[in-house]
Colleague: 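Here it is: the structure, laid out below.
This structure is a prediction, so every number in the text was calculated from the model and none was measured.
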Amino acid sequence: PNASEERLQAVANRLVDEKLLADEKLRRYPIPGESFKPNLAMTSRDRRYKEHFHAGKWCFSEIEQRFCWSCCLNFKEESAGCESRVVNPDAWCTLWSSN
C-alpha cells in the first residue's frame, strides 16, 4: 500500500529478469542434474604395478651342475624374479633424444 510506483516497477522488472535467466539456463543446459566437471574417479586412478626381473643371467653353473640364474641361483628360467621395480604407465617420460 505504501510502495511507490517506481518500486513496484523495479520489483516486477527483477522478477521478469530472473524468469528470463532461468528459461535461458534451461535452454542451454537441458538436463538439470548434468555437470560439466571432470570425472576424477576415471582420471586419477593409480595404475602403478610391480614388475619382477632377474638382475643376473641364465647360465650353466659349474657348482650346481645345472642351469640357474646367476643372481639368485633359481633353477627355473620362468621364475618371477628376485628383484622388483615399480612401473608407472602414467609417469612423464623425461628422456630426450636428438634424433
Side-chain angles (χ1 to χ4, degrees):
N2 293 337
S4 67
E5 183 67 27
E6 288 179 5
R7 184 168 176 90
L8 290 175
Q9 287 292 329
V11 169
N13 194 17
R14 181 178 58 85
L15 290 173
V16 167
D17 286 344
E18 286 178 358
K19 173 68 173 141
L20 290 174
L21 283 174
D23 290 346
E24 179 67 18
K25 183 179 176 184
L26 272 175
R27 187 185 69 77
R28 286 190 183 185
Y29 310 109
I31 303 170
E34 186 174 353
S35 169
F36 294 101
K37 295 179 184 176
N39 185 358
L40 293 180
M42 302 211 33
T43 58
S44 63
R45 274 189 293 199
D46 188 15
R47 298 191 323 151
R48 291 182 294 178
Y49 61 92
K50 192 176 277 194
E51 180 180 81
H52 295 278
F53 64 96
H54 288 285
K57 66 178 197 172
W58 179 254
C59 61
F60 188 79
S61 172
E62 295 293 332
I63 298 170
E64 297 291 333
Q65 293 297 310
R66 59 195 287 192
F67 279 92
C68 64
W69 285 101
S70 63
C71 51
C72 59
L73 296 179
N74 195 334
F75 301 122
K76 290 185 178 179
E77 189 174 7
E78 305 84 28
S79 64
C82 54
E83 295 188 20
S84 63
R85 66 176 150 246
V86 175
V87 177
N88 186 1
D90 298 324
W92 287 21
C93 181
T94 56
L95 299 176
W96 181 75
S97 64
S98 58
N99 291 347

Colleague: Give the cluster check for V16 versus V11: same hydrophobic cluster or not, with ILVMFWY residues linked at side-chain heavy-atom distances below 4.5 Å.
Modeller: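 Different hydrophobic clusters.
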Colleague: Would you find more than 12 non-hydrogen atoms of other residues, nucleotides or ligands less than 6.0 Å from I63 atom CD1?
Modeller: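 Atom CD1 in I63 is not crowded, with 12 or fewer foreign heavy atoms closer than 6.0 Å.
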Colleague: Any side-chain heavy atom of F67 sitting closer than 4.5 Å to one from E77?
Modeller: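 Side-chain contact under 4.5 Å: no.
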Colleague: Working to the nearest 0.5 angstrom, can you tell me the gap between W58 CH2 and S79 OG?
Modeller: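 Reported to 0.5 Å precision, the distance equals 7.5 Å.
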Colleague: Under a 4.5 Å cut-off applied to non-hydrogen side-chain atoms, are L15 and E18 in contact?
Modeller: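 Touching, per the 4.5 Å side-chain cut-off.
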Colleague: Which pairs pass side-chain hydrogen bond (donor to acceptor under 3.5 Å, both in side chains) with one or both residues in residues 62-73, sequence neighbours excluded?
Modeller: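 Every pair satisfying side-chain hydrogen bond (donor to acceptor under 3.5 Å, both in side chains) with a residue in residues 62-73: H54-W69.
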Colleague: Considering residues at least two apart in sequence or located in another chain, which fulfil the salt bridge (charged side-chain N to carboxylate O under 4.0 Å, His left out) criterion with D23?
Modeller: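 K19.
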Colleague: Atom SG of C82 and atom NE2 of H52: how far apart are they, to the nearest 0.5 Å?
Modeller: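 Here the interatomic distance stands at 10.5 Å.
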